[in-house]
Student: 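Please find one structure pasted underneath; my questions will follow.
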Amino acid sequence: MTPSSDQSVGEPALLLSSFAHRQNQFWLAGSILAVSVLMPVLIAPHAGRSLTDWVVVLPAYAAAVLVIELVTSTFLFALFYVQRSRAILILAAGYLFSGALVAPWVVTFPGIFSSLGIEESIQSAAAFAALKRLGFPLFILAYAVLPDVQLARRLVASWIVVAVVSVLAVIAIACWLVLGDWSSLRLSNAFMRDALTPGLLWRLIPALAIALYLAGIVALAARRRTILDLWLVVVLGTLLIEIIQISYLGAGVRMSLGWWAGRLYGLVSASIVLVVMLAETIAVYARLARATIAERRARQNRLTAMEALSATIAHEVNQPLGSMVTNANAGLRWLANPQPELDEAKAAMHRIVEEGHRANKVVSGIRTMFMKGTRERTPLDLNLLIEQVVKQSAVAARLGHGAVTLDLDCQAPFVIGNAIQLQQVVANLIDNAIEAMRAVPARQRRLRIATTGREHGEVVVSIEDEGPGLDPATLDRIFEPFFTTKPDGMGMGLMFCRSAIEAHGGRLWTSTNEPKGAVFSFSLPTSPQPDPAPEENE
Amino acid sequence: MIEADASPVAWTMTKPDGALIAIIDDDAAARDAVASLVSALGYQTFTCNGAAPFLASGLRHETRCVVADIRMPGMSGLELYGQLARSGRVIPTILMTAYPDETTRASALAVGVHGYLTKPLDPEILLACLRAAWKSGPLIPRHSATDTTV
């Protein structure tokens with residue numbers, strides 16, 4: 001679904017008037033039009049039959065059209081209020097115009113309200129009908145043809161007032177012209193020759209209306225972008241069928257079967273936009289509800305992760321703090337004994353220092369994970385970075401008699417990334433690998449770190465150990481926060497590694513090492529333009 | 001950090017007293033700290049990095065009192081006590097935790113645990129607990145013949 005281009009500038013494409021229509025809507029609109037064409041064909045032979053008795057239904061029909069069109073207009077004004085599109089304002093005014101004209105039309109319709117003492121004229125009702133019939137398609141034409149602009153936010157309310165007042169003023173003037181005492185219209189037979197038969201002028205109106213409807217359909221079809229445009233085509237289509245039925249199939253004779261069938265179309269036509277808007281409103285509401293639920297769930301997940309994270313951090317800091325207090329107490333006791341044990345006290349002090357460093361490491365680890373600096377990205381030589389980490393974390397010494405092999409691809413291109421974060425990732429994975437080989441006899445510990453430049457623009461780093469390998473039972477959980485297989489593990493390492501690598505646009509995965517052990521690999525996208533000057537990592 | 005010969009059970013001779021206090025905690029630093037404190041209070045200790053190594057250790061039968069962390073991977077401190085209670089020789093047990101909660105405390109004391117202490121340990125409370133545990137000594141139920149874990 002592509003939102004319309006010039007409409008709804010800066011607004012999310014969530015409103016009916018800014019949605020591009022979907023294929024299924026298109027077919028639905030098409031089939032409604034097709035069925036609409038079918039009916040006049042079926043009733044054509046009987047279209048001229050007179051159904052004069054049905055005149056009592058006319059006020060109900062008029063009331064229905066009036067209410068439907070005014071509600072549609074209100075809906076469109078509301079839409080304009082949020083969207084500020086001039087086209088929507090024109091359309092809203094058109095529906096207001098069309099709906100409001102129903103009142104004088106039905107009041108002056110011959111033989112309905114005469115009992116109320118309303119002076120009626122066969123000419124006036126026809127004049128109002130003509131005005132409605134020609135006015136409405138003009139509004140739609142204006143909607144379709146005029147370039148749409150978004151009106152200033154502070155003037156929106158004023159625009160609505162201006163539109164409503166002008167439409168009502170035009171109708172008042174029309175009433176005055178048609179119904180005024182001086183008006184010669186009522187004496188003429190311009191519109192109607194008698195109560196049921198149209199006059200000369202009325203012969204022109206349908207032709208003119210048909211021309212306007214067709215022009216409107218063409219303009220909308222040319223514009224055909226939004227759901228609203230699509231359904232307005234259907235509106236004009238049904239109006240077209242209506243006028244054909246009333247004026248030609250019913251031979252223009254009021255109260256004929258064709259005329260009544262046409263009225264039915266008028267009612268359908270008046271309702272289309274309202275129904276579509278209501279349906280879309282419900283659909284938008286449902287989408288909104290789904291989005292809200294999804295958002296709430298996401299926030300809940302974030303909260304849970306944050307709670308768990310802070311609990312872990314608290315635990316990680318608490319542990320050394322507790323040991324420091326206990327060691328200090330032990331030291332005091334050793335000194336307070338009748339024969340002070342200085343060596344024991346000294347050992348306790350040393351342990352306090354160690355634990356202080358341990359707590360500090362946790363805190364600075366968190367800093368590296370979350371601080372601002374982690375967002376800075378520069379071109380990096382991964383090989384250099386790995387060599388530095390291997391040196392810094394004294395890998396060789398920790399492996400004891402084991403061997404560490406660096407198998408670095410000197411052709412591997414640079415990557416764009418954050419040196420501190422990537423160092424942390426490599427150091428974490430190396431720590432894990434060494435940890436995994438804890439139970440392996442020292443001479444058989446083998447750690448291999450390799451980089452490979454891949455052709456499709458990525459560098460793959462793999463860290464291979466010859467430990468017992470990954471337990472298939474827990475394989476899918478190793479990246480979860482707080483999952484750990486180490487007795488004193490925090491369960492944060494792999495989670496951090498994965499999120500850091502993914503933040504760099506890469507992937508982190510595991511595989512099995514041959515003949516035994518585990519491989520942790522990550523890929524990073526290579527920089528598009530390698531910087532000739534390598535980034536200093538320290 | 002791999003110690004070339006990391007033994008799960010280590011023992012420190014402080015007083016040639018014969019009976020031992022086992023300090024069981026998976027966190028090495030916490031374990032050493034508690035062991036040092038208990039030694040400073042005048043007891044002879046040995047340390048284990050988990051419940052299972054303690055149960056497997058030969059020093060188990062010379063242990064007069066167990067000081068164990070509750071939250072440990074594998075077997076928790078409370079489970080260790082359950083294991084001891086089911087075996088023939090119930091060693092007085094003091095549990096410690098950095099995350100005390102009333103429910104665990106109540107259930108631990110209900111099954112006969114000697115003490116439920118909050119980390120970091122208060123030396124006076126620890127001493128009182130140790131004295132009480134020491135006095136009660138290992139309990140040998142009548143059906144000691146069911147001790148099959150040896």
Side-chain angles (χ1 to χ4, degrees), chain A residues 311 314-338 340-341 343-352 354-359 393-394 397-402 431 434-442 445 484-489 491, chain B residues 1-8 12-15 23-45 47-53 67 69-76 94 96-101 117-127 130:
Chain A
H315 172 79
E316 283 305 301
V317 178
N318 235 357
Q319 201 78 355
L321 284 180
S323 300
M324 284 162 84
V325 173
T326 308
N327 275 318
N329 274 323
L332 288 172
R333 286 277 160 177
W334 286 120
L335 295 175
N337 280 348
E341 299 254 13
D343 286 347
E344 289 287 355
K346 211 189 272 175
M349 297 297 167
H350 277 302
R351 286 194 297 267
I352 292 174
E354 266 170 40
E355 289 303 279
H357 284 308
R358 178 173 157 198
S393 47
R398 285 161 63 195
L399 274 176
H401 295 286
D431 283 352
I434 295 176
E435 194 85 13
M437 294 188 285
R438 184 194 268 273
V440 174
R445 292 175 193 155
T484 182
T485 55
K486 300 177 200 166
D488 52 355
Chain B
M1 264 123 293
I2 293 178
E3 303 139 44
D5 294 299
S7 160
T12 336
M13 182 78 86
T14 42
K15 275 185 196 170
I23 314 292
I24 308 170
D25 196 325
D26 58 302
D27 185 288
R31 189 167 67 228
D32 291 348
V34 174
S36 176
L37 182 59
V38 174
S39 306
L41 293 172
Y43 297 91
Q44 193 178 350
T45 64
T47 56
C48 294
N49 65 5
V67 179
D69 190 26
I70 288 187
R71 201 190 277 189
M72 289 186 292
M75 197 188 294
S76 78
I94 298 168
M96 25 177 212
T97 179
Y99 308 93
D101 78 277
L117 305 183
T118 305
K119 281 184 180 177
L121 305 174
D122 181 314
E124 294 307 324
I125 298 176
L126 176 65
L127 187 59
L130 284 172

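Not measured: the values here are computed from a predicted model. No hydrogens, no waters, no symmetry mates; every other heavy atom, side chains included, goes into these values. Residue numbers begin at 1 in each chain, while the letters A, B, ... track the order of the sequences.
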Student: With sequence neighbours left out, write down each residue that passes side-chain contact (heavy atoms from CB on, under 4.5 Å) with A:Asn329, or none if nothing qualifies.
Tutor: A:Val325, A:Leu332, B:Leu37, B:Pro123
Student: Could you walk me through whether B:Ser36 and A:Arg351 pass side chain to side chain contact (heavy atoms under 4.5 Å, CB included), step by step?
Tutor: CA-CA 10 Å; B:Ser36 176; A:Arg351 286 194 297 267; 2.9 Å; yes
Student: Could you tell me which non-hydrogen atom of A:Ala330 sits nearest to which non-hydrogen atom of B:Ala33, and how far apart they are?
Tutor: CB-O, 4.3 Å
Student: Name the region of A:Glu341, side chain, backbone, both or neither, that has any atom closer than 4.5 Å to a heavy atom of chain B.
Tutor: neither
Student: Report the distance from atom CZ of A:Arg358 to atom CG of B:Asp27, rounding to the nearest 0.5 Å.
Tutor: 4.0 Å
Student: When heavy-atom pairs shorter than 4.5 Å are enumerated against chain B, which of A:Asn318, A:Leu335, A:Thr326 gives the highest number?
Tutor: A:Thr326
Student: With sequence neighbours left out, what residues match A:Asn337 under side-chain contact (heavy atoms from CB on, under 4.5 Å)?
Tutor: A:Trp334
Student: Could you tell me the separation between the CG atom of B:Asp32 and the NE2 atom of A:His350, rounded to the nearest 0.5 Å?
Tutor: 14.0 Å
